[in-house]
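Just so it is clear: chains get the letters A, B, ... in the order the sequence lines come, proteins before strands, and each one is counted from 1. As the structure is a computational prediction, the values presented were derived from the model and not from experiment.
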There are 2 protein chains.
Amino acid sequence: MAVTDDARRGATIYSVADQAGVSIATVSRVLQGSSLVSERTTRKVLDAVAALDYLPSGAARSLAVRHHDTYGLVLPELSGPYYAELLVGFETRAAELDQSVMLVLADTKEDRDLAVRTLATRVDGIALFGSEAAHVGASGKPVVVIAGHARAGIEAIAAENVEGARLLTEHLFEHGRTNLRFVGDTDAAADLLERYEGFVAAHEQRGLTPADPVRAEFRERDGTAVAERLLAGDFTADALVCGNDELALAVMARLTDGGVAVPGDMAIVGWDDVMTSRYVRPGLTTVRQPVQELGALAADRLHDLVSGAAPSAERRVLATQVVIRSSCGCPPVHAAG
Amino acid sequence: MAVTDDARRGATIYSVADQAGVSIATVSRVLQGSSLVSERTTRKVLDAVAALDYLPSGAARSLAVRHHDTYGLVLPELSGPYYAELLVGFETRAAELDQSVMLVLADTKEDRDLAVRTLATRVDGIALFGSEAAHVGASGKPVVVIAGHARAGIEAIAAENVEGARLLTEHLFEHGRTNLRFVGDTDAAADLLERYEGFVAAHEQRGLTPADPVRAEFRERDGTAVAERLLAGDFTADALVCGNDELALAVMARLTDGGVAVPGDMAIVGWDDVMTSRYVRPGLTTVRQPVQELGALAADRLHDLVSGAAPSAERRVLATQVVIRSSCGCPPVHAAG
DNA sequence: TTGTATGCGTTATCAC
DNA sequence: GTGATAACGCATACAA
């Protein structure tokens, strides 16, 4: 029966019009809140809508209005709190702007280009994390890259990196450290390269020559490996500036286990201020980024671009904040961590 | 010009057909990989597609084929690794099934019902986390609830809770603890209620009467508050079974700060095995859930349901694993944490 | 092998 | 105030 079909397949504007005894145009009008519909008719339509539990088809609507009310977000992965927070900021702001969000995790895909092309098909604009920027095709849709670099017609937003890293490095110098190493893969992410630049800047300011970065990815096991190289005498240092907290934490744990005192024998600092950094002893000195705001800003910019704004050539950078705890050599404060 | 318009507004199947000198039907055919198209024609079409950088409109396609190739996921929030992992599992499996995913974070929305109704409009099926199950409307689309209870026509999947909690509680008894309290809001989540049931079961097995749960939400500050009530003598205990790790960690930190020895004066166990639980001292005894698999299973079930399978009445539950460290009273092992 | 024509469910522009 | 009806961009049954 028709009822059964409607229930299974979903009511359409036609079934509502039928039920209410009006035309589909009228149904559409009351649903759009058009004021030029009589009280009585409005009532009839609304009743029919309720009775049939009608929901306009998103696809049909998108086709008619020529936009999707949806933004896409491309992240490499979702391990650690960083990307999750970015996502929260993005989704929350998007929702405030009445936009839905489609998410794609690039790392798990074999063909990332295809993935973002597919995405571009169902959204009005795309925000991608810096490391995925290579996969932006010329979809013609607005694009903003997060924590990466701007390109022709593509806006970039990011959190401050070099100054924070310079401050952190300088802080280590002030603690009397003389043999600092930067740990992280500066080729993998624009973000990391900038942090290394800050590391270099602090050295140059003192007329020192910075050592090359110790390559390491972001996972804990990569940090463990670095610590073991250190333990094995593969290289030396009295302070480590790590690319992020996971790395720093893993290095610190393995080093401590290996009999190296932190910060006594080795000062360690990280980046991101994850939860563990507050709980671990010694507390990890690190840098806090306004990650959610970054996500929100991405959604905001997308909104502007979709609304017709011209992409700005300069990238916006959000301020960042050094968080001093005791892994750098400062006296522990405890309590709040 | 036409070129400019195409670039801005996106090429359509018509522009491609024009450029290739064929009909739109043929264009559609080669794009669908229909084998009944001549080599030569295929080439022409592909060239045109490349030249115009054509991408089929998702909305138009969805409207025509009557499905979206997209699944929706509604989560309450994204704090902590739990939801993030769930999301990873879901998105990854969905991608393997060639489905996109739309995400909605319920906590940040004023009108959640509206949010999932809107979502239902653009997806083929929805997976929602247990606590959001109340917001499923009669969209008619397949629905599966994660970590919640099945209802008429709605499948449920979850990780094992009561047996794990019973084991954990029994373990505490074996350590000689006699005054155990369960910490968490058993009204807020089906998951938590089940864990409390396990807590109760362990008591009953020994002919003991379990105390009522100590109400507390999931955030760290809630754990801090519980610890302070304990410190203030508001209630007593020699062992705490906490609803999740964040809670346990916060309680432990505040208690330690307040001079209570863990596990000496107070044994503490959590749930989830977050990263911090491995790094903190004493290491937190907890329970590990197959969270990613849970997410993947949700996508799988959705796929079956969308494909026409009948929703199964029994809920599937994934096995869970107790992770013993030292916050329960066991001797520390260190190294791996 | 390829083209024509129709339907998918809305929105929006016309008339009435 | 309300009702036809033309897009919107694609897939597909039916012809040729």
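A donor-acceptor contact shorter than 3.5 Å links the side chain of A:Asp124 to the backbone of A:Asp69. Side chain of B:Arg93 to main chain of B:Val88: no donor-acceptor pair is present (N/O by atom type, distance under 3.5 Å, no hydrogens or angles). The main-chain N or O of B:Leu119 is never found under 3.5 Å from a side-chain atom of B:Thr121 such that the two would form a donor-acceptor pair. Remark: side-chain polar atoms of B:Lys109 are paired, donor with acceptor, to backbone N or O of B:Leu105 under 3.5 angstrom. In this structure a side-chain-to-backbone donor-acceptor pair under 3.5 Å is missing from A:Ser28 to A:Ile24.
The distance between atom NE2 of A:His68 and atom P of D:dC10, rounded to the nearest whole Å, is 10 Å. Rounded to an integer number of Å, the gap from CG of B:Leu31 to C1' of D:dA11 is 11 Å. If you measure from atom CZ of B:Arg66 to atom C1' of C:dG9, you get 9 Å, rounded to the nearest angstrom. In this structure, B:Leu63 places its CG atom 12 Å from P of C:dT11, rounding to the nearest Å. Nucleotide C:dC8 holds its C1' atom 13 Å from the NE2 atom of B:His67, rounded to whole Å. Straight-line distance from the CG atom of A:Asp18 to the P atom of C:dG9: 13 Å, rounded to whole Å. The interatomic distance linking A:Gln32 (CD) with D:dT2 (C1') rounds to 16 Å, in whole Å. In this structure, A:Arg61 atom CZ and D:dG9 atom P are separated by 16 Å, rounded to whole Å.
For B:Tyr54 and D:dC10, the shortest distance from a side-chain N or O to OP1 or OP2 is below 4.0 Å. A:Ser28 has no side-chain polar atom (N or O) that falls below the 4.0 Å cut-off from OP1 or OP2 of C:dT10.
In this structure, the helix from C:dT1-D:dA16 to C:dC16-D:dG1 shows an angle of 40° between the axis at its start and the axis at its end, each fitted on 5 base pairs and rounded to 10°.
If you check the side chains of A:Arg122 and B:Ser62, you find a donor sitting under 3.5 Å from an acceptor. A side-chain donor-acceptor contact under 3.5 Å links A:Thr41 and A:Ser38.
The shortest non-hydrogen separation linking A:Ala106 to A:Arg112 is O-NE, 3.8 Å.
With distances taken from any side-chain atom of B:Ala64 to the nucleotides C:dT11, C:dG9, D:dG9, the minimum falls on D:dG9.
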*Evaluate the side chain to side chain donor-acceptor pair (under 3.5 Å) criterion for residues B:Ser79 and B:Glu77: first the C-alpha distance (whole Å), next the side-chain angles of each, then the deciding distance (0.1 Å), finally the verdict.*
CA-CA 6 Å; B:Ser79 71; B:Glu77 46 161 346; 2.7 Å; yes
Kindly give the atom pairs (protein nitrogen or oxygen, nucleotide nitrogen or oxygen) under 3.5 Å for nucleotides 1-5 of chain C.
{"unit_1": "C:dT2", "atom_1": "OP1", "unit_2": "B:Ser38", "atom_2": "OG", "d": "3.0"}
{"unit_1": "C:dT2", "atom_1": "OP1", "unit_2": "B:Thr41", "atom_2": "OG1", "d": "2.0"}
{"unit_1": "C:dT2", "atom_1": "OP2", "unit_2": "B:Ser38", "atom_2": "N", "d": "2.8"}
{"unit_1": "C:dT2", "atom_1": "OP2", "unit_2": "B:Thr41", "atom_2": "OG1", "d": "3.2"}
{"unit_1": "C:dG3", "atom_1": "OP2", "unit_2": "B:Ser23", "atom_2": "N", "d": "3.0"}
{"unit_1": "C:dG3", "atom_1": "OP2", "unit_2": "B:Ser23", "atom_2": "OG", "d": "3.2"}
{"unit_1": "C:dG3", "atom_1": "OP2", "unit_2": "B:Thr26", "atom_2": "OG1", "d": "2.6"}
{"unit_1": "C:dG3", "atom_1": "N7", "unit_2": "B:Arg29", "atom_2": "NH1", "d": "3.4"}
{"unit_1": "C:dG3", "atom_1": "N7", "unit_2": "B:Arg29", "atom_2": "NH2", "d": "3.2"}
{"unit_1": "C:dG3", "atom_1": "O6", "unit_2": "B:Arg29", "atom_2": "NH2", "d": "2.2"}

